[in-house]
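Taking it in order: structure first as structure tokens, then the write-up.
Along the sequence shown, the residues carry numbers beginning at 1.
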Amino acid sequence: MTKDVIKEGATVEEARAAAMLELGITEDDDFHMEVLRMPEKKFLGLFGGCKAQVKVSVELPEEKKAAPAPKKAEKAKAPAPKKDKPAKEKKPAAPAPKKAEKPAPKKAEEKKPLLPSDAHEKTAQYIVSVVKGLGLQDCEVKAFDNDEEVSFELSCGEDYGIVIGRRGETLDAIQYLARMVENRGTQSYKRVSINVGNYREKREAALVALAQKDAARVLRMNRSFTLEPMNPYERRIIHTVIQDIEGVTSYSIGEDLDRRVVIAVEGQPQRQDRKDYGKRDRRDRRDRRDRPKREPYVPEVSADREKHSDAAGVSRYGKIEVKKDASENTAE
């Protein structure tokens with residue numbers, strides 16, 4: 001049974017992500033995507049333009065209807081046993097057959113193997129030009145593909161750390177550009193992955209160990225823990241590992257490059273993004289600025305009350321002292 005979903009987005013990537021979210025599938029699942037409409041920018045940023053529209057199809061296994069339980073055979077009315085012959089013992093009724101449990105489909109069996117291919121020479125040459133721009137002149141690229149995915153294996157000698165970058169950021173950037181080159185001008189969409197020095201396998205093993213370690217820490221301390229920002233592929237690995245651990249759950253917070261995974265105790269309320277608190281605080285401060293200012297308090301004075309001055313009994317020039325010596329000299 002085929003299930004189709006049509007979604008729109010600012011880019012083909014966003015539309016595809018929205019369709020995959022509704023279907024409940026990941027990049028590892030087998031699906032087919034068809035680009036119905038490419039995105040167009042607005043004229044002068046004001047008029048026209050349209051969003052990208054894609055159609056994602058996935059094959060779902062047909063649900064087998066369980067066979068109805070056989071009705072119990074009506075007991076035939078047997079003649080009353082004679083006194084001379086003992087009554088026959090009744091045989092226990094056979095138990096009803098259990099419903100056959102439907103085995104979960106294995107993803108490894110459904111995924112088609114990647115075979116060597118020479119049909120992606122344009123993308124391979126683009127990857128070589130990017131790697132040479134990083135300063136590595138000796139670079140070879142091999143392509144493997146199937147109906148849904150294209151994988152490129154890079155061979156750059158032993159010094160390929162510059163291609164990977166910090167936590168794979170450079171490799172992810174090259175992979176994004178290669179995906180755009182591979183799917184440009186085509187109606188069908190293919191996933192593109194780039195690997196060098198078995199970095200993807202090593203990174204996945206490290207993320208699995210990290211998720212298990214942090215899950216044990218959350219259960220021990222009974223408090224949530226936030227991981228560092230990750231790309232969608234790495235966040236998906238963390239969520240998959242946490243699903244198999246009892247007592248903990250995971251969700252994502254943040255936006256764009258600051259998107260990160262939170263591992264928390266199952267049943268606890270989800271933590272809100274800190275950006276929300278910042279916006280709320282700024283809004284509160286803006287509201288306080290708009291409030292009218294209070295006038296200073298001035299006590300009321302009765303008109304009949306006589307005004308009192310502390311300087312009323314003081315002479316204008318103060319006390320004048322006369323020196324005795326000066327007066328005596330004058331008299332003489």
Side-chain angles (χ1 to χ4, degrees), residues 11-14 16-17 20 25-33 35 107-108 110-211 227-241 256-257 259 261:
T11 61
V12 176
E13 292 284 343
E14 293 183 4
R16 180 177 64 90
M20 293 174 61
I25 59 177
T26 62
E27 295 283 352
D28 298 332
D29 297 326
D30 291 332
F31 62 91
H32 176 72
M33 191 190 81
V35 180
K107 295 182 180 179
E110 296 179 358
K111 189 175 181 180
K112 297 180 181 179
L114 297 173
L115 302 177
S117 174
D118 298 332
H120 311 282
E121 188 65 22
K122 180 180 178 181
T123 308
Q125 292 297 330
Y126 177 79
I127 296 174
V128 171
S129 65
V130 173
V131 174
K132 287 184 177 180
L134 296 175
L136 299 178
Q137 300 300 325
D138 186 13
C139 178
E140 295 181 0
V141 179
K142 296 181 180 179
F144 303 86
D145 69 346
N146 55 20
D147 296 339
E148 304 292 338
E149 183 179 358
V150 182
S151 177
F152 295 95
E153 292 287 341
L154 274 64
S155 177
C156 305
E158 297 181 357
D159 188 15
Y160 50 81
I162 190 174
V163 180
I164 297 176
R166 179 180 177 271
R167 295 175 181 171
E169 293 179 355
T170 305
L171 187 63
D172 292 339
I174 298 174
Q175 179 175 286
Y176 174 79
L177 296 174
R179 186 186 304 121
M180 300 297 290
V181 173
E182 180 67 25
N183 295 296
R184 183 178 182 182
T186 60
Q187 295 296 331
S188 61
Y189 179 87
K190 286 189 176 183
R191 298 190 301 270
V192 176
S193 62
I194 300 178
N195 195 6
V196 55
N198 292 330
Y199 170 77
R200 298 297 184 188
E201 291 78 3
K202 296 176 183 178
R203 179 63 174 168
E204 182 176 356
L207 291 173
V208 170
L210 176 67
L227 303 181
E228 60 187 10
M230 298 180 183
N231 56 40
Y233 172 75
E234 295 179 347
R235 294 199 304 270
R236 192 179 304 113
I237 295 175
I238 299 294
H239 290 312
T240 304
V241 175
D256 301 332
L257 297 179
R259 190 80 170 165
V261 178

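Shortest non-hydrogen contact noted between S193 and Q175 is CA-OE1, 3.3 Å. Across all their heavy atoms, R235 and M230 have their closest contact at NH1-O, 2.7 Å. Considering every non-hydrogen atom in both A211 and V241, the closest pair reads CB-CG1, 3.8 Å. Heavy-atom minimum distance, C156 versus Y160: CB-CB, 4.3 Å.
Inter-residue side-chain proximity for E182 and F152 is flagged as met; some heavy-atom pair is nearer than 4.5 Å. Annotation: side chain of V12 is not in contact with side chain of N183 (no heavy-atom distance under 4.5 Å).
Partners of R179 under the salt bridge (Lys or Arg N to Asp or Glu O under 4.0 Å) rule, at least two apart in sequence or in another chain, are E13.
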**Prompt:** Given L154 and I174, is the side chain to side chain contact (heavy atoms under 4.5 Å, CB included) satisfied, shown in steps?
**Reply:** CA-CA 12 Å; L154 274 64; I174 298 174; 5.8 Å; no
**Asked** Is there a side chain to side chain contact (heavy atoms under 4.5 Å, CB included) between V131 and V141 once you walk through the steps?
**Response** CA-CA 10 Å; V131 174; V141 179; over 6 Å; no
**Message:** Between E201 and N195, does the side chain to side chain contact (heavy atoms under 4.5 Å, CB included) criterion hold? Intermediate values first, please.
**Reply:** CA-CA 9 Å; E201 291 78 3; N195 195 6; 3.0 Å; yes
**Request:** Check the pair V163 / L171 against side chain to side chain contact (heavy atoms under 4.5 Å, CB included), numbers first and verdict last.
**Result:** CA-CA 6 Å; V163 180; L171 187 63; 4.2 Å; yes
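Separating the CG atom in L257 from the CZ atom in R259 is a distance of 12.5 Å, to the nearest 0.5 Å. Rounded to the nearest 0.5 Å, atoms NZ (K190) and OG (S151) are 12.5 Å apart. One finds the CD1 atom of I127 at 3.5 Å from the CD1 atom of I194 (value rounded to the nearest 0.5 Å). Note that CZ of R236 and CG of N231 are 9.0 Å apart. Values are rounded to the nearest 0.5 Å. Put simply, OG1 on T170 and CD1 on I164 are 9.0 Å apart, with the number rounded to the nearest 0.5 Å.
Using a 4.0 Å cut-off between charged side-chain N and carboxylate O, R203 and E234 make a salt bridge. A salt bridge links R200 to D172: one of the charged nitrogens lies within less than 4.0 Å of a carboxylate oxygen.
The number of heavy atoms from other shown groups lying within 6.0 Å of CD (E169) is above 12.
Not a single donor-acceptor pair under 3.5 Å links the side chain of R191 to the backbone N or O of E149.
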